[in-house]
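Okay, structure first, notes after.
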Amino acid sequence: MKWAIIGTWRMAIEGVTESAVDLNNGAFAGDAIEKAIKIVEDFPYYKSVGYGGLPNENCQVELDAAYMDGDSLSIGAIGGITDFKNPISIVKKLSENTYNCFLVGPGAEVYAAREGFQRENMLTDRAKKYYKKRKNETLDKGLSPYEGHDTVGVICVDKNGKMVAGTSTSGLFMKNKGRVGDSPISGSGFYVDSEVGGAAATGLGEDIMKGCVSYEIVRLMKEGLTPQEAADKAVYELDSKLIRRRGKAGDISVVALNNKGEYGVATNSEGFSFSVAVEDEEPTVYTCNKMKDGKTIYEIASKEWLKAYADRIKAPLTFD
Ligand code: GLY
């Protein structure tokens, strides 16, 4: 069967690229997902995932993550874990449990310590500087703290047709202590069924959860829609419903993949990018246009876009 792996945002490309080599050599989708997401978690300049993720209102980095096996439908999830290095590895292990497979806060930390996962202070000096600046801005100008969040969500199908989904995030910058977003919530931040396909979401968790958008995409694919049609329809309908009922919709972006290695994406916001590799398609970053008339258009990221991205994430901070 044809293998494929797709992840939210440009930040997934290094992991997607490495896992693509493994998948081509016959690797298990779960190992490919874990490797791809660990690479994002370990990179200190990605400020919304793992090490270097931006902290909550108390300047603590609280991480959410999930892993789902599309054959057995087993799920492992954690919410608000602090001081552990690779949440994706913890949730992969948790997915082996029949009970107690979604743990939060101190309970998740006790489990991770017992299982021998590596402890690490996930707060970097760079993240602390962002926190200090945002705190001062919020106090001075009353700015909303709820900006700047992106989850890495990855869906994979391996050569044996096995599908797996994984997510990892530090959630919303300056979130309340204990706030958990969509990323560890089955059906919202992710869902996968090897008989159909999978999807993962990024954006404002509070709004993504109102539509269980990842489950909805898989449901639509089961009805016969392509991943692109399913992603567009689910995001468009949720966005329209939120605007109709509540006057506005937060950012919602998704990646979707079926068990034939076909993929699709959708976004209701500006600036969404994604990373994908398929057996017959080199690892590539694409940038998306905001959905128009219910359709999302994307194109290969230009050299200029990629350079600007690389310069931006590592740019020295101009504030103390
Ligand atoms: N989508 C990530 C979050 O809302 O926490």
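In each ligand, atom 1 is the first atom listed, and ligand 1 is the first ligand listed. No hydrogens, no waters, no symmetry mates; every other heavy atom, side chains included, goes into these values. Sequential numbering from 1 along the given sequence is applied to the chain's residues.
- Close contacts of ligand 1 with Asp182, meaning ligand atoms under 4.0 Å from a residue heavy atom, involve 1 (N), 2 (C), 3 (C), 4 (O).
- The shortest N or O to N or O distance between Glu206 and ligand 1 is not under 3.5 Å.
- Proximity of Glu62 to ligand 1, defined as any heavy-atom pair under 4.0 Å, is not found for any part of the residue.
- The backbone N or O of Lys162 lies less than 3.5 Å from no partner atom in the side chain of Asn160, so there is not a single donor-acceptor pair.
- Ligand 1 lies within reach of Arg179, whose nearest heavy atom is under 4.0 Å from it.
- Side chains of Thr82 and Gln60: a donor-acceptor N/O pair is absent below 3.5 angstrom, by distance only.
- Ligand 1 places these atoms under 4.0 Å from at least one heavy atom of Ser183: 1 (N), 2 (C).
- Near Thr151, the atoms of ligand 1 lying under 4.0 angstrom from a non-hydrogen atom of the residue are 1 (N), 2 (C).
- Residue Gly171 has at least one heavy-atom neighbour below 4.0 Å for each of these atoms of ligand 1: 5 (O).
- Residue contacts with ligand 1: Gly203 is placed with a nitrogen or oxygen under 3.5 Å of a nitrogen or oxygen of the ligand (distance criterion only).
- Rounding to the nearest 0.5 Å gives a distance of 11.5 Å between CG of Asp22 and CD of Glu34.
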Practice problem: Given salt bridge (charged side-chain N to carboxylate O under 4.0 Å, His left out), test Lys307 with Asp311 step by step and report yes or no. | Solution: CA-CA 6 Å; Lys307 167 139 191 0; Asp311 291 347; 2.6 Å; yes

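- Side-chain contact check for Thr17 versus Glu14: every heavy-atom pair is 4.5 Å or farther apart.
- For ligand 1, the atoms lying closer than 4.0 Å to a non-hydrogen atom of Gly181 are 5 (O).
- Considering backbone and side-chain N/O atoms, Gly205 comes within less than 3.5 Å of an N/O atom of ligand 1.
- The aromatic rings of Phe43 and Tyr46 sit tilted relative to each other, their planes meeting at an angle between 30° and 60°.
- Taking 4.0 Å as the cut-off between side-chain N and carboxylate O, Glu41 and Lys38 do not count as a salt-bridged pair.
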